[in-house]
Amino acid sequence: MTLKLYNSLTRSKDEFKPLVKGKVGMYVCGPTVYGHAHLGHAKSYISFDILVRYLRYLGYNVTYVQNITDVGHLTDDADQGQDKLDVAARKEHKHPMAIAEYYTRSYFADMDELNCLRPDISPRATGHILEQIEMVKILIEKGYAYESNGSVYFNVSKFKEYGKLSGRNVDEMISGARVEVSPDKRNPADFALWKKAEPNHIMQWSSPWSMGYPGWHIECSVMSQKYLGETIDIHGGGIENKFPHHECEIAQSEAANGVQFVRYWIHNNMVTVDGQKMGKSLNNFITLSQVFSGAHERLTRAYDPIATRQLILNSHYGSPLDFSDASLHSAQSGYEKITEAVKTTRKQIANAKQGDADTKVAEQLGELKKKFEAAMNDDLNTSIGLSVIFELVKLTYSLIEKPETTSATLIKIDDMFSLLGGDVLGIVKEIYPETNQGDDEIIDELVKTFIEQRAQARKDKDFAAADAIRDKLDAIGILLEDKPGETIWRRK
RNA sequence: GGCGGCGUAGCCAAGUGGCCUACGGCGACGGUUUGCAAAACCGUUAUUCAUGGGUUCGAAUCCCAUCGCCGCCUCCA
């Protein structure tokens, strides 16, 4: 059984075979850093994080490149638009590079929270202006591009396969065009490789054609080639970028190099919020930090970043996902159930009796692992993958109930949680901090004092007094839970 | 106008020709536990897959039609 991936280029589930045995070069379109990361970023980068993790699980040596777009691209059509970073910079009275730096850090912080592995290389577009100019030169030399009034455009009519990824043809695009066409272009479908800058444009570089800045698509062609070679195994990105972005990348790279650019194109689907496209004007735009803190009018509480991750894994990456407070809530409950089971297992390992691991359990674990791999091999069916983790939860509790279960058996369970739930899905942690870690020690001491008083009241059968203490703490947001032998507390 | 997707239990969601009286989760309900709770565990919760036709020995899965929803075609993950 081998990994099959839905390849947008062939429109079929293809068996994955890397160009070089055992090695995978993977490029994913990264964020434009002019604002905080939102739910859409989460779905996209978690989906590709799963792909990287699973490829590594299968033993591949993966080089994962994800760019940071810090050249502001245009908010609108080529000639009327404004540079997004430029807009943010003027608004915040900062240099565009300061804006880029700030939001890049914010992006990585959010991705760390979501337990997405950092890419091996995170190249910045502004760090590769020279290479971009070089590629534009090659395209002009080879007759695929032309200069016009200080800007350079790719001549789409010269690249016969233009449209092969998105299934469009040039004529359809013209009829559907919603924006005015620049007079500098020979053909409305042509796209910019280099743009001449207006004098007040903050970010601009010198080139053989003008003081200007690179076109939007060229950075990905250049940076993927620089770090992964002319032909890369996997290129990922959001489905909304299939056209024009990825189509243009193919045109540029294949025209310049004369070889296939990408072998497997993987596109993840989009996010809606309460059933509608997420947009700043719709008041349903939710950033990740808002999800993690609960500071949004559509959210009733804060959600664990890993619960957010789990919600995303609950459906297929190729399907659209609707976020709502209810769906997050559901994921949060499920996540806590898994977490609780893992913690209980680890606690029980110390208490369980000694002896060999149960061979029947080992067999069951083998079956679960097989089911998990079969699901993941089938175009990364994380929904089934997750269901295997829940089956593992069920198995765990059935074992913990039995006194004959040995710690060796539980260690095997824990290993499976860590391998499938941790290494591959990224929802099981190696270490869980103590319940109240991060809380003020003084608060902890105070609550413990109340817990002691309540324990005494319960001992005296004065349940009215005991309940009064519990209710009082509940009112200020502290929950008491009576466990065997002890009472623990947590915030609501 | 062009391109693409979706419609499965109260909600999320897997399954895309027989193993489906449909994986799993959330919620709800019942039980175990508890002084009572909480938490946890156990159990129950779609003979049916938007609707109507058709193909087939056999359809949630294929075809046609109808209705509804969504996305892309402009920067966007």
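Convention: sequence-line order gives letters A, B, ...; per-chain numbering from 1. Note: hydrogens, waters and symmetry copies are ignored here, and every other heavy atom, side chains too, is used.
In this structure, the side chains of A/F417 and A/I389 come closer than 4.5 Å at one or more pairs of heavy atoms.
By the salt bridge (Lys or Arg N to Asp or Glu O under 4.0 Å) test, A/E101 pairs with A/R105, sequence neighbours left out. Partners of A/R124 by salt bridge (Lys or Arg N to Asp or Glu O under 4.0 Å), not counting sequence neighbours: none found. Listed by chain and number, the residues in a side chain to side chain donor-acceptor pair (under 3.5 Å) with A/Y303 are A/D325 (sequence neighbours excluded). Among residues two or more places apart in sequence or in another chain, the side chain to side chain donor-acceptor pair (under 3.5 Å) test is passed with A/D110 by none. The side chain to side chain donor-acceptor pair (under 3.5 Å) check on A/Y335 picks up nothing, with sequence neighbours excluded.
In this structure, the CG atom of A/L311 is 16 Å from the P atom of B/G25, given to the nearest Å. Atom pair A/K472:NZ and B/A38:P shows a separation of 22 Å (rounding to whole Å applied). Counting to the nearest Å, the C1' atom of B/A14 and the CE atom of A/M376 are 14 Å from each other. Counting to the nearest Å, the P atom of B/C23 and the CG atom of A/L368 are 16 Å from each other. Atom NZ in A/K402 sits about 12 Å away from atom P in B/C42, given to the nearest Å. Rounded to an integer number of Å, the gap from CD1 of A/I68 to P of B/A77 is 11 Å. Rounding to whole angstrom units, CG of residue A/L399 and C1' of B/C42 are separated by 15 Å. Per the geometry, CG belonging to A/L313 stands 12 Å off P belonging to B/A14, to the nearest Å.
Screening residues 382-397 of chain A for salt bridge (charged side-chain N to carboxylate O under 4.0 Å, His left out) gives A/K371-A/E391 as the qualifying pairs, with residues at least two apart or on separate chains. Annotation: salt bridge (charged side-chain N to carboxylate O under 4.0 Å, His left out) contacts involving residues 35-46 of chain A, sequence neighbours excluded, are absent.
Between A/H38 and A/H41, the two ring planes are tilted [angle within 30° to 60°]. The aromatic rings of A/H217 and A/F191 sit perpendicular to each other, their planes meeting at more than 60°, with 30° as the lower class boundary.
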Atom pairs under 3.5 Å: protein N/O with N/O of nucleotides 15-18 of chain B:
unit_1, atom_1, unit_2, atom_2, d
B/G15, OP1, A/N381, ND2, 3.2

Any protein N or O atoms within reach of nucleotides 39-41 of chain B? Criterion: under 3.5 Å, listing atom names and distances.
unit_1, atom_1, unit_2, atom_2, d
B/C41, O2', A/E401, OE2, 2.9

Dump every N/O contact between nucleotides 6-8 of chain B and the protein below 3.5 Å, one line per pair.
none

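For A/N241, taking side-chain heavy atoms from C-beta onward, the closest of the listed nucleotides B/A77, B/C12, B/C26 is B/A77. In this structure, the nucleotide among B/G35, B/C70, B/A14 sitting nearest to the side chain of A/R470 is B/G35. Closest to the side chain of A/S319, from the set B/C23, B/A14, B/G35, is B/A14. You'll find that the side chain of A/N314 is closest to B/A13, out of B/C70, B/A13, B/G25.
Residue A/E391 is the one, among A/E391 and A/H329, whose nearest nucleotide of RNA chain B lies closer to the 5' end (criterion: closest heavy atom). Judged by closest nucleotide on RNA chain B, A/G334 is the one of A/F48 and A/G334 placed further toward the 5' end.
Residue contacts for A/G318: at a heavy-atom cut-off of 4.0 Å it reaches no nucleic acid atom on any strand shown. Backbone-only contact: A/G238 has heavy atoms under 4.0 Å from sugar-phosphate atoms and none from a base. Residue-level contact check: A/V271 touches the bases, meaning some heavy atom is under 4.0 Å from a base atom. Using a 4.0 Å heavy-atom criterion, one finds that A/L480 contacts the bases of the nucleic acid, with or without backbone contacts as well.
Remark: ring of A/F390 not stacked against base of B/G24; the cut-offs of centroid gap under 5.5 Å and plane tilt under 30° are not jointly satisfied.
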Would you tabulate the side-chain donor-acceptor contacts of residues 112-120 of chain A under 3.5 Å, counting partners in other chains and residues two or more places apart, or write 'none'?
unit_1, atom_1, unit_2, atom_2, d
A/D112, OD1, A/R118, NE, 3.0
A/D112, OD2, A/R118, NH2, 2.7
A/N115, ND2, A/G426, O, 3.0
A/D120, OD2, A/R56, NH2, 3.0
A/D120, OD2, A/Y64, N, 2.7

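In this structure, the ring of A/F48 has its center no less than 6.0 angstrom from the ring center of A/H235. A ring-centre distance under 6.0 Å is found for A/H128 and A/Y227.
Nucleotides B/G17 and B/G7, compared at atom P, are 15 Å apart to the nearest Å. For the C1' atoms, the distance linking B/U45 with B/U8 amounts to 16 Å, nearest Å. Taking atom C1' in both B/U55 and B/A9, one finds a spacing of 29 Å when rounded to whole Å. Only the C1' atoms considered, B/G4 is 27 Å distant from B/C11, to the nearest whole Å. The same atom, P, is picked in B/U32 and in B/A38; the two are 14 Å apart, to the nearest Å. Separation of the C1' atoms belonging to B/C26 and B/G2 is 40 Å when rounded to the nearest angstrom. The C1' atoms of B/A60 and B/G52 are separated by 16 Å, rounded to the nearest whole Å. Nucleotides B/A40 and B/A77 are separated by 39 Å at their C1' atoms, to the nearest Å.
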| message | Please convert RNA chain B into dot-bracket. A pair counts if it is Watson-Crick or G-U wobble with both distances under 3.5 Å; crossing pairs go in [ ] and bases paired with another strand get |. | response | ((((((((.[[[..)..(.....]]]((((((.......))))))....[[[[[..)....]]]]])))))))....
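Residue A/S47 places no side-chain N or O under 4.0 Å from the OP1 or OP2 atom of B/A77.
The main-chain N or O of A/Y213 is never found under 3.5 Å from a side-chain atom of A/Q204 such that the two would form a donor-acceptor pair. Looking only at distances, no side-chain donor or acceptor of A/K13 sits under 3.5 Å from a matching main-chain atom of A/K4. Using modelled atom types, no side-chain atom of A/S327 and backbone atom of A/F323 make a donor-acceptor pair closer than 3.5 Å.
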